[in-house]
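Before any comments, here is the structure.
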Amino acid sequence: MNTARFRDICWAVNGLLKLFSIVCGVLFLIGAIDTLFFHHPQVTHTDGPTWYIALSFIAEKVTTKQENAANSYLFLLALPFFSYLFWYASRIFADISAGLTPFSATQLKRFRRIAFLVLILSLIQPVAYGLLLSLLSGTFSLTISLGPLFLIGILLYCFSGIIHYGVALQEFSDEVI
């Protein structure tokens with residue numbers, strides 16, 4: 001394996017993740033200013049193909065405009081979270097591009113934190129949507145679902161187990177050498 005090329009790729013991924021983080025932060029600021037001062041959310045919900053396991057109770061009095069507003073506010077609230085997540089993930093690649101091992105206790109801690117944050121977001125997001133819809137419509141709405149974000153969180157947590165194994169092998173290798 002070409003180590004220099006791998007470090008260059010990690011450097012590029014680090015920069016890309018930082019760019020995503022900054023874009024999320026800027027979008028949040030623009031959306032927050034627009035929502036606070038002009039009182040109209042910009043993001044609309046599309047009924048594109050999605051898959052998830054869901055339990056929903058949404059009152060019939062909810063309008064499409066209220067659903068769009070709930071989606072917009074939820075998107076706006078998730079942006080700082082994603083900004084932090086991208087920035088935190090970029091640190092993994094920054095260390096690797098600097099020549100540090102990907103199999104260290106610090107990297108394992110970062111990877112597990114990212115997995116837990118994605119899992120937490122996947123569980124909180126549908127409940128927050130139901131609460132926002134309830135506040136906007138004045139009726140009771142509840143949504144509990146497990147979607148693609150939950151699966152990504154589970155996969156990241158499983159990969160953290162692989163990283164943990166790599167950390168153990170790295171420590172063993174360092175002791176032998």
Taking all non-hydrogen atoms of both residues into account, name the closest pair between [X] and [Y] and its distance.
X      : Y      : value
Pro126 : Ser122 : CD-O, 3.2 Å
Val118 : Leu149 : CG1-O, 3.4 Å
Phe81  : Leu117 : CZ-O, 3.0 Å
Leu132 : Ala70  : CD1-O, 3.7 Å
Asn71  : Tyr129 : OD1-CE1, 3.3 Å
Leu156 : Phe111 : O-CE2, 3.3 Å

Problem set entry | Pairwise side-chain hydrogen bond (donor to acceptor under 3.5 Å, both in side chains) hits with a residue in residues 15-25, at least two apart | Ser21-Ser83

Seminar exercise, completed: Applied to residues 108-118, the side-chain hydrogen bond (donor to acceptor under 3.5 Å, both in side chains) test, sequence neighbours excluded, yields Tyr88-Arg113, Asp95-Arg110, Gln107-Arg110

Side-chain heavy-atom pair [X], [Y] within 4.5 angstrom cut-off:
X      : Y      : result
Phe6   : Thr3   : no
Leu100 : Thr106 : no
Leu119 : Phe150 : yes

Which value, rounded to the nearest 0.5 Å, describes the distance between [X] atom [atom1] and [Y] atom [atom2]?
X      : Y      : atom1 : atom2 : value
Leu146 : Leu123 : CG    : CG    : 6.5 Å
Glu171 : Thr101 : CD    : OG1   : 10.5 Å
Phe103 : Leu169 : CZ    : CG    : 8.0 Å
Trp87  : Leu19  : CH2   : CG    : 10.0 Å

Exercise. Residues in ring pair (Phe, Tyr, Trp, His ring centres under 6.0 Å) with Phe20, at least two apart?
Worked result: Phe86

Exercise. Ring pair (Phe, Tyr, Trp, His ring centres under 6.0 Å) with Phe116: which residues, sequence neighbours excluded?
Worked result: Tyr157

Problem set entry | For Pro102, side chain to side chain contact (heavy atoms under 4.5 Å, CB included) partners two or more places apart | Ile96

Exercise. Which residue pairs pass the salt bridge (charged side-chain N to carboxylate O under 4.0 Å, His left out) test when at least one of the two sits in residues 132-145, sequence neighbours left out?
Worked result: none

Problem set entry | Contact list for residues 125-134, test salt bridge (charged side-chain N to carboxylate O under 4.0 Å, His left out), sequence neighbours left out | none

Problem set entry | Sequence-distant partners of Ser97, side chain to side chain donor-acceptor pair (under 3.5 Å), two or more places apart | none

Problem set entry | Partners meeting side chain to side chain donor-acceptor pair (under 3.5 Å) with Ser160 (sequence neighbours left out) | none

Show me, pair by pair, the donor-acceptor contacts under 3.5 angstrom made by side chains of residues 8-16, not counting sequence neighbours?
none

Show me, pair by pair, the donor-acceptor contacts under 3.5 angstrom made by side chains of residues 24-32, not counting sequence neighbours?
none

Exercise. Are Tyr165 and Ile114 connected in a single hydrophobic cluster, I mean Ile/Leu/Val/Met/Phe/Trp/Tyr linked by side-chain heavy atoms less than 4.5 Å apart?
Worked result: no

Seminar exercise, completed: Tracing side-chain contacts under 4.5 Å among Ile, Leu, Val, Met, Phe, Trp and Tyr outward from Ile120 reaches Ile124

